[in-house]
Amino acid sequence: MTENPADTDRLIGKNIRQLRAGRSQDEIADHMRSCGFKWVQSTVWNVEKGERPLRAAELKALADYFGIAPASLWASEEANQVLINLRQQKQVLEGIEGRLADLLRERVTAQQDYLAVRSYVQDYLGEREGGLTQSEADEISALDKWLSEHLALSVRQLAERARERAEQGFAEDGMNVEVH
């Protein structure tokens, strides 16, 4: 925190202005009114200029609105940039987790489809004159073995394989990256 209270008020105002990006001062004032504060657009303007200090309860309401810790409102620009980057990476990871969940659902569906097609093919080939040839039976057996091995893989083992493939891909691109 800066030594001079006026400098702190200006820093808080600057941070609010940056956090507000894409939102109007009226939107901020509306939110603050919904929290029981008597704010109007000019209040936000004065806070952003550093001409109006915030009360502790207002600081908390603004931090909650922006989804940050109250201390972030008086943090340096560098610290806030780090926090912004961390929040962005968190969103990226959440998106990846969502896609992974979708992929796991697709995996289950594909396994079910495989079993249904396998059953159909086995029945179809078995009903024809002469039944299954040894080659067809061997191929179905090989596919069954592959499927049973892959069905036995846990999500953790699948994630480990994906991590290894990612690291291999980075290495092929000339990058020395370790995926955790």
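When reading the values below, keep in mind they use all heavy atoms of this one structure, side chains included, and skip hydrogens, waters and symmetry mates.
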Any pair counted as ring-ring contact (aromatic ring centres under 6.0 Å, His included), so long as it reaches residues 9-65, sequence neighbours left out:
H31-Y65
For the hydrophobic clusters of this structure (ILVMFWY residues joined by side-chain heavy atoms under 4.5 Å, transitively), does one cluster hold both I28 and V40?
no
pair D9-K49: side-chain heavy atoms closer than 4.5 Å
no
Test log, rule side chain to side chain contact (heavy atoms under 4.5 Å, CB included), inputs L19 and L62:
CA-CA 10 Å; L19 288 164; L62 284 167; over 6 Å; no
Using a strict cut-off of less than 4.0 Å between a Lys/Arg side-chain nitrogen and an Asp/Glu carboxylate oxygen, indicate whether E106 and R99 qualify as a salt bridge.
no
If you apply the rule side chain to side chain contact (heavy atoms under 4.5 Å, CB included), what do you find for F66 with R23, and how did you get there?
CA-CA 11 Å; F66 292 121; R23 300 178 201 142; 2.9 Å; yes
Please report the C-alpha distance between Q112 and V108 in whole Å, then the side-chain angles of each, then the deciding distance to 0.1 Å, and finally whether the side chain to side chain contact (heavy atoms under 4.5 Å, CB included) criterion is met.
CA-CA 6 Å; Q112 292 168 342; V108 168; 3.7 Å; yes
Shortest non-hydrogen contact from A75 to A79?
CB-CB, 4.0 Å
Distance, nearest 0.5 Å, that separates CG of N15 from CG of L11:
4.5 Å
Under a 4.0 Å N-O cut-off, is there an ion pair linking R20 with E48?
yes
Flag side-chain contact, heavy atom, 4.5 Å: D138 against T133:
no
So SG of C35 and CG of D30: to nearest 0.5 Å the spacing works out to 11.0 Å
Under 3.5 Å, side chain of Q89 to main-chain N/O of L86, donor-acceptor pair present?
no
Straight-line distance of S141 OG to Q134 CD, nearest 0.5 Å:
9.0 Å
Mind checking the CD1-CG spacing from I16 to L73? Nearest 0.5 Å is all I need.
5.5 Å
Do M32 and T43 come within less than 4.5 Å of each other through their side chains, counting heavy atoms only?
no
Would you compute the distance between atom CG of L93 and atom NZ of K90 and round it to the nearest 0.5 angstrom?
10.0 Å
Please indicate whether E139 has more than 12 foreign heavy atoms, meaning atoms of other residues, nucleotides or ligands, lying under 6.0 Å from its CD.
no
Given R52, which of I12, V44, V47 fulfils the side chain to side chain contact (heavy atoms under 4.5 Å, CB included) condition?
V47
R105 with D102: basic N within carboxylate O range, under 4.0 Å
yes
Hydrophobic cluster membership, with links at side-chain heavy-atom distances under 4.5 Å among I/L/V/M/F/W/Y: are L100 and V92 in one?
yes
